Amino acid sequence: MNDIKQTVEAHAKYLIALTALAILCVASEAIGTAYSVPLLAGRFIACLSLLIICFASIERFIDSRPTHENVHLQTGSLKNIVLYASIILLCWLPILVCLYPGITFSDTSGQLCQYFGNPPEYGAYCIKPGSAFSDHHPIIDTFIMGMLVQVGMSLGSANLGFMFLVMVQSTLLALTVSRMVCFIAVRFRWSTKAVFVTIAFFALLPMFPYMAASPVKDTIFIIVFINFIIEFALVMTSAKPRPLQILILIILTFFMILTKRTGLYVSALCLLGILLLNRHAWKTALISLLPAIIAAGVIFPAVAFPLLNVSPGSKNEMLGFFYQQTARFVRDYPDDVTPKERKAIDAILNYDTLAKRYDPAIVDPVNHGKGVDVDPSKEKIADYAKVFIDQLIRHPDNNLKAVLAQESGWFDLSQRYQTAINFDMAIQPSNGTPNITRPSWIRELAGRTVKTLNSAMTSPIIGLLCTPPVYTTLIPLFGIILGIRTKRLTRERLLCLLPIFTSLPLLWISPVSDVFVNLEAFRYTLPFLYTAPFTIAFTLSRKTVNTTAAGGQSCTKRLVQTVNPEHQRNSPSLH
C-alpha cells in the first residue's frame, strides 16, 4: 500500500497537468458544437487516457535509451550539413515544381505590389496617407522578396522571378533545418538513426515543402529564428563567448526583429528570462541582445521610415486580442453597455457593427472592419482600457469564452494542417507589375497536388504528425513536465529554450488559431513546428556535452572542427 501511495503521490502533479490539458482539448473541440454532456464526458475520458498513454510511453522510451550513443562528431561538419540539406531539398523539389511558380499569400502579393510601385492600399492598410510603403508587414521582408523577384525576372518573366524567390527560400530553409539537426545531434550525441529520422521528418511531411513554396514574412523569419536559437544557445552557455560569436548573435537578433514584429518581444522576454535563470549571463545577454533591440526597434524605424516614406504598422494588431473580448461582450451583453462605455468603444471599433462583425474564431473582422480606427491615440486606448477592465470584472465568463474560442486551435487535437492555392496574385496590382499568374498548363496539376497534400495530412497515420497542437502544446508541455521529472531539463537547457518558450505568449494572442477557418493559423505555428527537434533534444536527451567547451572554444578551432571531421575524431571527447 505504501508503494502504491508513493507512486500516486509521485504522479499526482503530472496527472493534474494532463487533466487540465484534456479539459482544454475537449473544450476547444466542442467550441460551437452541440455536444451532449455524456458525449463530452466520454471524449474527456478518451482524451485523458490518450494523453496518459502517450506521456507514459514517451517516459519509458527515453528512459530505455542508452547513456552513450554511437554517433560520430563529424555529423556536424559542413559537408554533412550540405548533404542533409540536399536530401531535404530533393524531396521537396517535386512539390515545388508542381506548385510553380509558388504560393502567393495575400500578404506577400500586397508587399510585392508595393515594391513594384503600387501604393500601400494594394496591401495592408496605410496609417500615413501618401506613403510609398506600409510596415504593417515588415518593410525589410518587402524589400527582400521584391529584390529577389526582380533579380529572377531577368530570366524572362515575373513567374520565373517568383520561382527564383521560392528556390532561394527553399534552399535556405533546407540548409537551416539541416544545421539545426546537426547541431543538436553533436551536442547530445544522437545516433545516426535518430539523425535520419529527424531529416525524414523535414523531408517527407507535406507541411514543409508547402511552406517552402510560400514566400511570406513567416518563412523568412523562421530561417533567421532557427539560426538565432542555435547561436543563442552557444553564446549563453559559454563561459567566455568570443567576439565573433557575439557579433553573429547581434546580427541575427537585428534581423529577427526586422523580419517579424514578434522578434522584438522574443528578444526582450529572453533578456528578462536570462536575469531570472542565470544572472552570471546577464552581462553577455545585454551585450548580445540590447544593441540589436535598440537598433532594430528604435533607430531603424526612426531613420529608415522617413527616408523610404514608410507608413508605420497599426497598433490594432497587438490590441486585437482584447478587442475580440469586447466584441463578444457587445454581442452577448448589449443591455449592459453604458453610454460612456459605448462612446469609448465606438471611438475605436465602430460600435454599431461590432456585434455583427464578431467571429469567435478570428479577430480580423473586428480589427479591420469599416469605421475602425487603425491608429488610435493614447487617450482613446486609455479610455478603452478602463472599459475593458470594468466589463471584465462584471462578466469574466465572457472573456474566458472569447479567449477559449480564439485559442481553440492550439488545443483541439482534431485539427490538421491544411494547404490551399491561389492561381494568380491574391491582390492584383494596378500597374500590372509583377504579373504573377499560374500558367494554364500546370493549374490542374497544382490543384491535384494541394488536394494530395491535404489527403496525406488528414490520413490516420501521417495525420498524427500533422496536428498543430502537437507542436504548439504537446511537445512544449510534455517536454517541460518530462524534462523536470527526469531531471534533464536543467537550468542551462532551459536557458537555451528561452526563445521558443517566450514565443508561446505571442502565439496565444494571434488573431486566429483554427487552421480549418484560416490558413494564417498555419503560419503562426512555424516557430514551434520547425524547432520541435530542438525542443525535444533540450528537454529529453540524456547525453550532453560540455557546453562551456563547445561554446567557448576559439572561432578558429570551431571552424576547423566544422570542416575537418578527422580533427574531430582525434580531439578529446566532450562530456
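The first residue in the sequence is number 1, and the count goes up from there. Everything quoted here is computed from the prediction, not taken from an experiment.
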With E407 via salt bridge (charged side-chain N to carboxylate O under 4.0 Å, His left out) - residues at least two apart: none
Residue of the set Y210, F522, F516 for which ring pair (Phe, Tyr, Trp, His ring centres under 6.0 Å) holds with Y417: F522
Ionic contact status for R179 with E231, cut-off 4.0 Å: yes
What pairs meet the salt bridge (charged side-chain N to carboxylate O under 4.0 Å, His left out) rule with one or both residues in [range], with sequence neighbours excluded?
range            : result
residues 259-272 : D135-R261, D218-K260
residues 46-57   : none
residues 453-463 : none
residues 470-484 : none

Examine the side chains of [X] and [Y] and answer whether a donor and an acceptor come within less than 3.5 Å of each other.
X    : Y    : result
N398 : Q325 : no
T237 : E492 : no
S170 : W92  : no
T419 : N454 : yes

Taking only residues two or more places apart in sequence, or in another chain, which ones meet [X] in a side-chain contact (heavy atoms from CB on, under 4.5 Å)?
X    : result
V363 : Q324, N367, Q406, P511
S86  : V82
L271 : W282, A285, L286, L289, L290, I293
I52  : L15, L18, L48

Could you measure the distance from the [atom1] atom of [X] to the [atom2] atom of [Y]? Nearest 0.5 Å is fine.
X    : Y    : atom1 : atom2 : result
T219 : F208 : OG1   : CZ    : 13.5 Å
I223 : F221 : CD1   : CZ    : 11.5 Å
L277 : L495 : CG    : CG    : 6.0 Å
N399 : F321 : CG    : CZ    : 9.0 Å

Side-chain donor/acceptor of T490 to backbone N/O of R493, under 3.5 Å: yes
For S288 against I250, the heavy-atom pair lying closest together: O-CG1, 3.2 Å
Residue pair P468 / Q415: nearest heavy atoms and the distance that separates them: CD-O, 3.7 Å
Listed once per pair and sorted, the ring-ring contact (aromatic ring centres under 6.0 Å, His included) pairs that draw on residues 226-247, sequence neighbours left out: F228-F232
Qualifying ring-ring contact (aromatic ring centres under 6.0 Å, His included) pairs, either residue in residues 244-281, two or more places apart: none
Pair listing, side-chain hydrogen bond (donor to acceptor under 3.5 Å, both in side chains) test, anchored in residues 456-480, at least two apart: R416-T467
F196 atom CZ, over 12 foreign heavy atoms within 6.0 Å: no
